[in-house]
Protein chains: 2
Amino acid sequence: MRMSTKAQYAVRALVSLNLDNGGLPISIKVISERENISLNYLEQLFVKLRRGGIVNSIRGPGGGYVLARPAADIRMDQIVDTVEEAMMPLSCMNTDGSCGCGTACATQLVWHGLGQQIKNFLTSITLEELTNDCRRQLKNQVVNS
Amino acid sequence: MRMSTKAQYAVRALVSLNLDNGGLPISIKVISERENISLNYLEQLFVKLRRGGIVNSIRGPGGGYVLARPAADIRMDQIVDTVEEAMMPLSCMNTDGSCGCGTACATQLVWHGLGQQIKNFLTSITLEELTNDCRRQLKNQVVNS
DNA sequence: AAAATAATTGACAGAAATAGTCGGGTATGA
DNA sequence: TCATACCCGACTATTTCTGTCAATTATTTT
């Protein structure tokens, strides 16, 4: 059971994007340096995020990316779905969607239920909340130093 | 986000093992045919399951595998943990466990929380429950045919 | 208009994990 | 002693993940 780095990077990058809002677009070059993620790899992710309607791009000098809607309206599951193709490509499914098990198969129910749990959890968290958590952490770091 | 076929096969195989209990051991050859899973691959899984204390093996003719304890005492998370090495090898962790993020990183909290959710879910289901679900399904199939 | 900036795109490559195979070995009951 | 069935390690193929490179297109500033 694992979550791809794609999803992890995408979330981090979006938090970073939302963190420092003067309303101005931020280039992925900046995010790449700040988050220590390969520039070219980030590009790929942002292409998907743009197509998925999570961010808008602004070209030319001074350009970059901005959120396509308020951070409070962007949920974790949307980010993950956009960046990874299939969440839980699952089970004893044949390519046609039928069950390839020899015996009747109750285990499908389990994986399906698990998928729902994950989905529910990710749906319950917005980018705004996540960013606020991050702001709190940053503040604590300053206080402690 | 995906669950390996290892985990899926292991669960199916164990349900199959528990389903047909005359108290007699069942060979993986039978399970392999019944569940349509490669024999040699199943062997690998059962080696792990045995080492993990989920099943016991009985060698020689008429031998096979039996559950090492009552199905009601075998939980899904134990099966998955036994058969996959690392559940959620996670995050922006460096190899030493520290956080490799440039900025303070709240996203770790999310993945950690997600891991807990998954764990909780899998912990809440026993092999016995799963097998009963399967028995119900089989009964319905007979009625409908 | 030209130059500079920055997004856009697609092709490609290396590494790692996964899935599955093969062949021989060992214990055991009939 | 023979057939059965587990035991084990090495090997291979495939896929997915992660990341790189190069060329292009669009936009703004000068």
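The chains referred to below are lettered A, B, ... by the order of the sequence lines, with proteins before strands, and numbering in each begins at 1.
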For B:Asn40 and C:dG24, give me the distance from atom CG to atom P, rounded to whole Å.
14 Å
Rounded to whole Å, NZ of A:Lys48 lies from P of C:dT9 at a distance of 13 Å
Of A:Ile58 and B:Ile58, whose closest DNA chain D nucleotide lies nearer the 5' terminus?
B:Ile58
Please report the distance, rounded to the nearest Å, between NZ in B:Lys6 and P in D:dT16.
16 Å
Does OP1 or OP2 of D:dT29 have a side-chain N or O of A:Arg59 closer than 4.0 Å?
no
Quick one: is A:Ser38 getting a side-chain N or O under 4.0 Å of the D:dT18 phosphate, OP1 or OP2?
no
Separation of atom CG in A:Leu24 from atom C1' in C:dA6, rounded to whole Å:
15 Å
Look at A:Tyr9 and D:dG19 and indicate whether a side-chain polar atom (N or O) is within less than 4.0 Å of OP1 or OP2.
yes
Carboxylate-amine/guanidinium proximity below 4.0 Å for B:Asp81 and B:Lys48:
no
Residue-phosphate contact under 4.0 Å: B:Thr5 side-chain N/O, C:dA19 OP1/OP2:
yes
Out of D:dT27, C:dT9, C:dA7, whichever nucleotide has its closest atom nearest the side chain of A:Val47
C:dT9
Verdict with supporting geometry, B:Thr123 and B:Arg75, side chain to side chain donor-acceptor pair (under 3.5 Å):
CA-CA 6 Å; B:Thr123 303; B:Arg75 300 192 315 271; 4.7 Å; no
How many whole angstroms separate atom CG of B:Leu39 from atom C1' of D:dA5?
10 Å
Starting at atom CG of A:Leu45, determine the distance to atom P of D:dT20, rounded to an integer number of angstrom.
12 Å
Any carboxylate oxygen within less than 4.0 angstrom of a Lys/Arg side-chain nitrogen, looking at B:Glu84 and B:Lys6?
no
Per nearest nucleotide of DNA chain C, the residue lying toward the 5' end, A:Gly64 or A:Gln44, is A:Gly64
Does the plane of the ring in A:Tyr65 sit parallel, tilted or perpendicular to the ring in A:Phe46? Use 30° and 60° as the thresholds.
tilted
Taking 4.0 Å as the cut-off, does a side-chain nitrogen or oxygen of B:Arg50 come that near to OP1 or OP2 on D:dC7?
yes
Can you tell which of D:dT27, C:dA7, C:dG23 lies closest to the side chain of A:Pro61?
D:dT27
Is a side-chain donor or acceptor of A:Ser32 paired with a backbone partner of A:Ile37 at a separation under 3.5 angstrom?
yes
Spacing between B:Tyr41 atom OH and C:dC22 atom P, to the nearest angstrom:
15 Å
Does B:Phe46 reach a base, just sugar-phosphate, or nothing at all? Heavy atoms under 4.0 Å.
nothing
Between atom CD1 in A:Ile28 and atom P in C:dT9, what is the gap in whole Å?
12 Å
